[in-house]
Amino acid sequence: MGSTRTETMAEAGRSLPTIRRAVVKVGSQVLTTADFQLERDVFEALADDVVELRRRGIEVAIVTSGAVAAGIGRLGLTEKPKTIPEKQAVAAVGQLNVLWLYKEVFGTRGLAVGQVLLTRDDLENRRRYQNAKSTLQTLFRMGIVPVINENDTVMVEEIKFGDNDNLSALVTNLVEADCLVILSDIEGLYDRDPKSDPGARLLPRVDAVDETVEAFVGASKSHAGTGGMGTKLLAAKRATHGGAAVVIASGKVPHNLLRVFDGEEVGTFFPPTDDPLTRRKHWIAYTVKTLGRLVIDRGAVQAILGRGKSLLPSGIRRVDGDFDRGDAVSLTDPAGTEIARGLVNYSAEETRRIAGLATWEIADRLGYDWGDEVVHRDDLVVLLSSNGFASKTPTDG
Ligand code: GLU
C-alpha cells in the first residue's frame with residue numbers, strides 16, 4: 001500500500017519521501033471567518049483528514065493559530081487589539097475556544113488532543129528543548145494529537161517566535177517530522193502578488209528558496225494572523241534545511257491536506273534539501289538566539305570555510321556581547337559579515353582573556369581550560385550568504 005502511494009506521488013511530480021510524521025500548520029484566516037468566528041466546517045474537515053492520515057500510519061501534530069482572531073470574535077471587538085497586554089488578554093479568551101473546538105471535532109472521531117503552548121525560550125534552552133521534545137514524543141506514543149500554539153498570554157517581544165509559520169518550522173525540527181504542510185488562505189506561492197496581479201502564476205514546485213524565489217514575495221500581510229507569504233517562505237526554507245518536505249497550500253479548500261498526501265498537485269511543493277542539517281545543527285542555526293559576536297581573522301575564516309576547522313583562540317580578534325559557556329554566538333569576518341554560528345566552550349569574559357593566544361597558553365592564562373576550541377566544529381554551522389546554512393562543514397565528507 002505504502003509503495004502504491006509513493007508511486008502516485010512520483011507520477012504527480014511530487015516525490016514526497018516516505019512520511020511517518022507530519023506537522024500541519026493552520027493559519028488564523030483558515031480557521032476563522034472574515035468577522036472572526038471559528039469555522040466549524042474547516043475544523044471538521046481537518047479532523048477527518050488527520051484521522052485518515054493516522055490510519056495510514058502517519059503521526060500528525062497541529063500548529064494552530066486563531067487564538068487572537070477567535071478572541072476578537074468571542075468578545076465582539078471591532079478591530080485587532082493593538083497593545084501587547086490587550087493581545088494577550090484576547091488570546092487567553094480565544095485559545096480556549098480554539099482548543100475546545102479541536103477537542104470536540106477530534107473527540108467525536110475517537111481521538112484525544114493535547115494542548116502544548118510554547119515560547120521561544122522553551123526551545124532556545126537545550127534542556128527545555130529536550131523536555132518539550134519528550135512531552136511531544138509521549139503524546140505521539142499515547143496516540144494523542146498535539147495541538148501547538150505560541151503561549152501568547154506570556155509573550156513579550158524578546159521571547160516571541162514572531163509568527164506561527166516560524167513556530168511550525170521549529171516544531172518540525174523538534175518532533176523530527178519529515179513533512180510540514182502550511183495551510184493558508186492562498187493557494188500557494190505565486191510569482192507575483194495574486195491579490196493585485198491577475199496574471200500571477202502559482203508555482204507548483206520550488207527546489208530551493210533562494211533570492212530569486214524570495215523576490216516573488218512582496219510584503220504581504222495577513223488580515224487575521226501575523227505572518228504573510230514572506231514568513232511562510234522562511235518557514236519552508238528552515239524546514240527543508242532540516243530535511244523535511246514542505247507544502248504550502250490553501251486550507252480553505254476542504255480536504256486539501258489529504259490531497260497533498262495523495263500526491264495531488266495542490267499548492268507549492270518544496271522538496272527537502274539533499275543534504276540536511278543535523279537536528280542539532282538546525283537548532284543552532286535557526287532556533288537559538290545568538291548572545292554575542294566573535295570577530296575572527298582571515299586565517300580563521302579560511303580554516304572554517306575552506307577546511308571545516310574548529311575556531312581556536314588564536315583566530316579571535318574581538319569579542320562582543322555577554323555570553324556563558326554553551327551559549328550561541330555569531331562568527332564574523334574582519335569586515336563584520338556573519339560567516340557561521342556556533343556554541344562556545346568559553347564565556348565572553350574567558351574568551352576575551354584568551355583571544356589571540358595559542359592553545360597551549362589557555363591553561364596558563366586562565367588556570368584551567370575547557371579544551372583547545374572556543375567553538376568546536378561539531379557545534380558550528382557555516383552560513384551561506386543567500387541560502388541559509390550549509391549542511392556540513394566543508395571537510396565533513
Ligand atoms: N499565536 C497567534 C494566535 O493564535 C497567531 C500567530 C500567527 O498568526 O502567526 O492567534
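Just follow the structure's listing: the first ligand is 1, and inside any ligand the first atom is 1.
- Contacts between L167 and ligand 1 below 4.0 angstrom, taking non-hydrogen atoms only, are absent altogether.
- Within the 4.0 Å heavy-atom cutoff, A91 does not count among the residues contacting ligand 1.
- Shortest non-hydrogen contact noted between S65 and V98 is O-CG1, 4.1 Å.
- Counting only heavy atoms from C-beta outward, the side chains of V374 and E350 never approach each other to under 4.5 Å.
- Of all atoms in ligand 1, listed by their number and element, those nearer than 4.0 Å to a heavy atom of D163 are 9 (O).
- Those atoms of ligand 1 with a heavy atom of S65 less than 4.0 angstrom away are 4 (O), 5 (C), 7 (C), 8 (O).
- At least one N or O atom of A67, backbone or side chain, sits closer than 3.5 Å to an N or O atom of ligand 1.
- Contact record, E52 with L258: CG-CD1, 3.6 Å, taken as the closest heavy-atom pair.
- Evaluation of the ring-ring contact (aromatic ring centres under 6.0 Å, His included) rule for F43 yields Y102 as partners, not counting sequence neighbours.
- Residues passing the side chain to side chain donor-acceptor pair (under 3.5 Å) test with D324, sequence neighbours excluded: none.
- In D152, the part holding a heavy atom less than 4.0 Å from any atom of ligand 1 is the side chain.
- Under a 4.0 Å criterion applied to the non-hydrogen atoms of V68, ligand 1 contributes the atoms 3 (C), 10 (O).
- Those atoms of ligand 1 with a heavy atom of N149 less than 4.0 angstrom away are 1 (N), 3 (C), 4 (O).
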